[in-house]
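Below: the structure, in structure tokens.
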Amino acid sequence: MSGGHRVFRASEVPLGSSRIVDIDGRSIGVFHLPTGFYALLNRCPHRGAPLCLGDVTGLVTAERPQEFGLERKGEIVRCPWHGWEFDITTGRSVFNPHKVRTRTYPVTTEPASAEVPENAGATGINAEGVESFPTTVEDDWVVVHLGRTAPTRAAAGAASSAG
Amino acid sequence: MITGRAAADGSPTQFKVFDTDVHHGPWRTESLFPYLSEVHADRLEHYGFGGGGVSWAYNGGSQGYRTDIITDRGKKNYPGVVVPDPEVCRKELLDEAGVDIALLVGGGGEGIATAGPDVAYTNALLRAFNDYSVAEWLTVDDRFRLAIAVNPQDPQNAADEIDRLGGHDQVISIILPCGSQRPYGHPFYKPLHEACVRNNLAITLHFGAEGSGVNPQPSAAGYPTSYVQSRLLRPAFYKPHLASFVFDGVFEEFPTLKVGMIETGIAWAPSFLWLMDQNWKALRPQVPWVKRPPSEYVRENVKFCSQPLDDPEPKDGMAKTLEWLDGEHTVMFSSDYPHFDWDEPQETFKTMPDEFRRRLLWDNAAELYGVA
């Protein structure tokens, strides 16, 4: 897969875990969710903290005051410094999805024929942007693609099954 | 000496008596003047005797008043600092100072009453004050509007009072003092919130009753020693209520509820909005019902008041403050009449452009209180 960086064996990032990797001087967090692998630049757009070392949690919600709910378990990372929350699957800020976004990168796990999961990043950046990268898995390697264009598509299931 | 039962020989028993609790004192404070040093006699005359809550223990001017209009202060025994005569108010404020609509908020005695431990008595006093205000003020001039006094210690009674008077054309708000047992966004007050929404009345918040009666100390550091320090505490009187309305989700649950915060000044407010937004970003999961940045709720549901208008040292300080606060949409005029530090509308925001000044002097209040 051209443009891709083989960063980990898929088995080295078990489901529900994450790892940090340095690619060309960029620190990038690779997260393994049930829906696939996701890669975010390990830098919070707020004050530059190592975002991907933050707690991974769900999205705390409320239908009305004083009633708590928890959704999307494992899909939110909270910055270790000031608690800003980001959606791991898109890089978007929870509190301001339209203006603050970490950059995400498409991630795939690629057997020889596997491609980018549909839900992988490729969301672009904004003014405060932190990048996300496409990933694939090639021969059980998790591959992070630093280019802006994701490789050819494939079912997300192929990616998650690699974990 | 009292006489007891007769002794065996028939002679009465005599007892000496020591009474350890007899209350005495002068009828008027002037009786103490000859015994005070000159400076403290002067302070007693102008400053009051002290005691009570922090906002009312002492005051500025002469016992809080503009001495040019209130000349018979010595005769009054009603608590608070008030203009007692609607005709005087009409002449001074409406006809001469150029005020077109005046929101009557009471004088502080009612605020102190809300801190009284006898809840039923407070309910009765506030109901009486509201009836007095409707009968003896609203009938005098249709430019008067009323914020009715309600008892935050008894939210259901407050709701009943709001339902009782909320339909009156000139009743446009309730008034609550900042001194309280819990901040006003607390779910404890839900009946009060609902009643205001039901009757389309705003909540007006004015400092007062901090440290009075059942209320907690006026600051986390305890009592300040002087009135001037109590004035410096005022932002801290309003902040917990503002934060509570936002973070307890009141505006999310009741999007039409409006809160007017009066006698606030404004320079403290922009930084507090920044602080609320910053902390919401960091701690949103603790209050997931707060869907938007706190400052957005404030801009839609809350307004601050001009008086006592800040005097920033930098020349562009006021313009900057108004810009940061979006003052064009969040700041209302208030005079504080007849208190010593009132602001005359003619002299307020004089340097601002006309369109801006129009919003501050009229539009913002008209929008918040729903006055056409």
Side-chain angles (χ1 to χ4, degrees), chain A residues 31 33 40-41 43-103 126-130, chain B residues 155 182-198 203 240-259 271 273-302:
Chain A
F31 297 81
L33 273 51
L40 303 180
L41 188 69
R43 179 180 169 82
C44 182
H46 180 213
R47 298 277 171 83
L51 173 65
C52 299
L53 297 180
D55 281 350
V56 174
T57 70
L59 182 67
V60 181
T61 61
E63 287 294 317
R64 55 181 52 81
Q66 316 305 329
E67 293 183 11
F68 288 84
L70 186 63
E71 300 171 6
R72 306 190 56 205
K73 293 176 190 173
E75 296 186 17
I76 305 296
V77 61
R78 287 184 193 162
C79 180
W81 285 7
H82 303 99
W84 285 25
E85 301 168 277
F86 293 89
D87 182 336
I88 293 168
T89 68
T90 64
R92 288 177 186 274
S93 157
V94 167
F95 63 75
N96 196 349
H98 304 300
K99 286 190 180 168
V100 180
R101 177 185 294 171
T102 69
R103 186 159 177 190
N126 75 345
E128 303 185 57
V130 168
Chain B
R182 48 180 80 72
Y184 290 133
H186 193 288
F188 174 77
Y189 299 110
K190 197 164 178 178
L192 183 155
H193 301 152
E194 289 171 334
C196 284
V197 171
R198 190 161 61 236
I203 295 175
H241 294 298
L242 181 55
S244 175
F245 278 119
V246 171
F247 286 100
D248 285 316
V250 175
F251 298 134
E252 191 63 38
E253 188 162 13
F254 303 109
T256 62
L257 184 63
K258 305 291 185 187
V259 175
S271 68
L273 298 192
W274 299 333
L275 194 62
M276 285 201 293
D277 283 358
Q278 175 191 352
N279 280 276
W280 172 72
K281 289 173 182 175
L283 300 167
R284 187 209 65 85
Q286 297 180 3
V287 285
W289 45 84
V290 182
K291 309 286 190 192
R292 294 180 288 142
S295 61
E296 286 189 19
Y297 294 99
V298 172
R299 288 200 171 90
E300 288 173 21
N301 296 81
V302 179

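Just so it is clear, the values below take in all heavy atoms, side chains as well, and ignore hydrogens, waters and symmetry mates. Owing to the predicted nature of the structure, the values given are computational and were not obtained by experimental measurement. Just so it is clear: chains get the letters A, B, ... in the order the sequence lines come, proteins before strands, and each one is counted from 1.
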Task: Contact origin within B:P187 toward chain A - heavy atom pairs under 4.5 Å - done: side chain
Between chain A and chain B: donor-acceptor pairs at under 3.5 Å:
residue: A:V60; atom: O; partner: B:R284; partner atom: NH1; Å: 3.1
residue: A:V60; atom: O; partner: B:R284; partner atom: NH2; Å: 3.1
residue: A:A62; atom: O; partner: B:K291; partner atom: NZ; Å: 2.6
residue: A:E85; atom: OE1; partner: B:R284; partner atom: NE; Å: 2.6
residue: A:E85; atom: OE1; partner: B:R284; partner atom: NH2; Å: 3.4
residue: A:E85; atom: OE2; partner: B:R284; partner atom: NH2; Å: 3.2

Task: Closest non-hydrogen atom pair between A:L40 and A:I88, with its separation - done: CD2-O, 3.7 Å
Task: Which atom of A:L41 lies closest to which atom of A:L51, heavy atoms considered - done: O-CD2, 4.3 Å
Task: Among the listed options A:P65, A:C79, A:G83, the residue most often paired with chain B at heavy-atom distances under 4.5 Å - done: A:P65
TODO: Kindly give the heavy-atom pair with the smallest separation between A:V77 and A:G54, and that separation in Å.
DONE: CG2-O, 3.8 Å
- [ ] For residues B:P183 and B:P240, report the shortest heavy-atom separation together with the two atoms involved.
- [x] CB-O, 3.7 Å
TODO: Heavy atoms only: give me the nearest A:F86-A:C44 pair and the separation to one decimal.
DONE: CE1-SG, 3.9 Å
TODO: Could you tell me which non-hydrogen atom of A:F68 sits nearest to which non-hydrogen atom of B:P285, and how far apart they are?
DONE: CE2-O, 3.8 Å
TODO: For the residue pair B:L192 and B:I203, establish whether any side-chain heavy-atom pair is separated by less than 4.5 Å.
DONE: yes
